[in-house]
Amino acid sequence: MGKEKNVIGSVKWQSPSNIAIVKYWGKKGKQIPINPSISFTLSNAFTETEITFSLKQTSTDVSVNFIFEQSKNQLFENKIIKFLNDIKSDFEIFGKYHLQISSKNSFPHSAGIASSASSMSALVLCLLSVEYPDSKISDETFFRKASYYSRLASGSASRSLYPGFTLWGKTEHLNSSSDDYATTLNFIHPIFNDLQDSILIVDSKQKKVSSSEGHRLMENHPYKDARIKQANDHTHELIRALKEGDFKTFERICEIEALGLHSLMMSSKPSYVLMGENSIKIIDKIREFRLKTNLNLCFTLDAGPNIHLIYPKSNLKEITSFIEKELLVYCESNKWISDELGAGPKQLNKSFYE
């Protein structure tokens with residue numbers, strides 16, 4: 001089948017979501033975090049985005065059509081157009097091309113997985129591939145730019161551009177760290193190289209309070225200064241634990257950060273609760289199971305009720321059995337998602353026509 005009239009080419013990227021161990025909560029200025037965060041990239045939870053670009057008239061306005069999972073989604077399109085207008089002065093392509101953007105997720109919406117991280121990083125990777133068609137920049141520069149622009153779209157998206165563990169936010173404990181983009185951590189002990197993330201779906205309904213509103217409420221939070229210190233201390237401790245293979249410290253920080261995130265929501269003005277009754281029951285069961293078996297496993301939550309159960313692959317059989325026998329009863333329609341530490345984004349195609 002021939003190409004459509006005026007079509008110049010297309011690019012397609014797959015980019016993963018990530019799960020934060022040290023949480024990003026609160027920002028300042030233009031998407032600058034108030035504290036550093038550390039996450040690991042997932043494997044099976046990803047967004048695929050394709051941009052087909054064609055010549056347009058002389059207008060310098062951003063020209064976009066957006067399709068999400070084969071349907072028009074005006075809310076998503078409006079968010080994307082706002083983001084593209086914010087960055088258009090940095091890109092020549094918006095003055096030359098009309099962009100047809102098509103996107104889909106490998107995971108269901110509201111599943112406790114950060115869809116903005118995967119979707120916005122995939123979008124930015126496509127934009128940069130169109131902007132730099134001849135690979136005139138190094139891979140390092142390309143992905144740093146991708147992390148920078150992804151951050152402007154969604155803070156957590158900055159961490160989805162690299163495999164394994166990633167840090168975002170300036171800290172004295174890592175010289176390469178920055179508030180502007182994320183940095184990959186390449187000193188990870190082998191015990192963390194095959195982490196599993198079993199996501200227990202407690203409630204898939206849309207959150208009553210968005211993460212954006214949660215970040216805003218941190219601006220005048222009574223515990224803001226204490227939270228910044230805690231996050232920096234946890235970043236220091238977690239970097240050491242990841243180097244040394246100290247799973248017990250990893251476990252402790254992971255769970256304190258998760259519960260601390262929700263305590264910040266509960267103590268904000270106004271306060272709100274996103275953790276459900278069944279979330280607490282699952283947490284109690286996990287702690288009982290860990291005490292009984294002495295296996296390496298821990299939990300975390302993002303800004304919602306769903307539980308991420310994290311453990312090395314060597315414990316997969318025992319923990320899968322535990323999930324099926326004791327935890328699914330607390331999950332919505334017995335739903336859970338199996339994921340693991342991933343290898344980062346990958347380009348699926350790139351076609352430029354004469």
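FYI, side chains are in, hydrogens and waters are out, and symmetry mates aren't considered; it's all heavy atoms of this structure.
- Counting only distance, with no hydrogens or angles, the side chain of Ser17 and the backbone of Ala117 share no donor-acceptor pair below 3.5 Å.
- In this structure a side-chain-to-backbone donor-acceptor pair under 3.5 Å is missing from Thr320 to Lys317.
- For residues 17-42, the salt bridge (charged side-chain N to carboxylate O under 4.0 Å, His left out) pairs, not counting sequence neighbours, are Lys23-Asp302.
- Although no hydrogens or angles enter the test, the distance criterion places no donor-acceptor pair under 3.5 Å between the side chain of Ser271 and the main chain of Ser267.
- Under 4.0 Å is where a charged nitrogen must lie from a carboxylate oxygen, and between Glu332 and Lys205 no such pair does.
- The number of heavy atoms from other shown groups lying within 6.0 Å of NZ (Lys248) is above 12.
- Residues Ala231 and Pro36 approach most closely at CB-O, 4.3 Å, considering heavy atoms.
- For Glu140, the salt bridge (charged side-chain N to carboxylate O under 4.0 Å, His left out) partners two or more places apart in sequence, or in a different chain, are Arg144.
- For Ser106 (side chain) and Asn44 (main-chain N/O), a donor-acceptor pair under 3.5 Å exists by modelled atom type.
- Here Lys72 pairs with Glu77 under the salt bridge (charged side-chain N to carboxylate O under 4.0 Å, His left out) rule; sequence neighbours left out.
- Residues passing the side-chain hydrogen bond (donor to acceptor under 3.5 Å, both in side chains) test with Thr171, sequence neighbours excluded: none.
- With sequence neighbours excluded, the residues that form a ring pair (Phe, Tyr, Trp, His ring centres under 6.0 Å) with His215 are Tyr24, Trp25.
- In this structure, Ser154 contributes its side chain and Met120 its backbone to no donor-acceptor pair below 3.5 Å.
- Distance alone, capped at 3.5 Å, places no donor-acceptor pair between the Ser150 side chain and the Ser147 backbone.
- Residues that satisfy the side-chain hydrogen bond (donor to acceptor under 3.5 Å, both in side chains) test with Gln196, not counting sequence neighbours, are Glu340.
- In this structure, the ring pair (Phe, Tyr, Trp, His ring centres under 6.0 Å) partners of Phe247, at least two apart in sequence or on a different chain, are Phe192, Phe250.
- Evaluation of the ring pair (Phe, Tyr, Trp, His ring centres under 6.0 Å) rule for Tyr223 yields His221 as partners, not counting sequence neighbours.
- Other residues, nucleotides and ligands contribute more than 12 heavy atoms inside 6.0 Å of the CG atom of Asp284.
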Side-chain donor-acceptor pairs under 3.5 Å in residues 291-299, sequence neighbours left out?
residue: Thr293; atom: OG1; partner: Phe289; partner atom: O; Å: 2.8
residue: Thr293; atom: OG1; partner: Leu295; partner atom: N; Å: 3.3

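- Arg252 has no carboxylate O lying under 4.0 Å from a charged side-chain N of Glu257, or vice versa, which leaves the two without a salt bridge.
- More than 12 heavy-atom neighbours from other residues, nucleotides or ligands sit within 6.0 angstrom of NZ on Lys170.
- Listed by first and then second residue, the salt bridge (charged side-chain N to carboxylate O under 4.0 Å, His left out) pairs that reach into residues 177-197 are Arg151-Asp180, sequence neighbours excluded.
- The salt bridge (charged side-chain N to carboxylate O under 4.0 Å, His left out) contacts involving residues 216-225 comprise Glu213-Arg216, where partners must be two or more places apart or lie in separate chains.
- A donor and an acceptor atom, one from each side chain of Ser129 and Trp13, are located under 3.5 Å apart.
- Around atom CD of Glu92, no more than 12 heavy atoms belonging to other residues, nucleotides or ligands sit under 6.0 Å away.
- For Lys243 and Phe187, the positive end sits near the middle of the six-membered ring, less than 6.0 Å away and at most 45° from its axis.
- No side-chain donor-acceptor contact under 3.5 Å links Asp339 and Ser43.
- With sequence neighbours excluded, the residues forming a ring pair (Phe, Tyr, Trp, His ring centres under 6.0 Å) with Phe94 are Phe91, listed by chain and number.
- A donor-acceptor distance shorter than 3.5 angstrom exists from the side chain of Asn306 to the backbone of Asp203, with no hydrogens or angles considered.
- Checked against the 6.0 Å centroid criterion, the rings of Tyr148 and Tyr181 do not qualify as a close aromatic pair.
- Put simply, the side chain of Asn315 never gets that close to the backbone of Tyr311: no donor and acceptor are under 3.5 Å apart.
- The environment of NZ in Lys335 is crowded: more than 12 heavy-atom neighbours from other residues, nucleotides or ligands sit within 6.0 Å.
- The main-chain N or O of Ser39 is never found under 3.5 Å from a side-chain atom of Thr166 such that the two would form a donor-acceptor pair.
- Between the side chain of Ser279 and the main chain of Met275, no donor-acceptor pair closer than 3.5 Å is present.
- A 6.0 Å sphere centred on CD of Glu69 holds more than 12 heavy atoms belonging to other residues, nucleotides or ligands.
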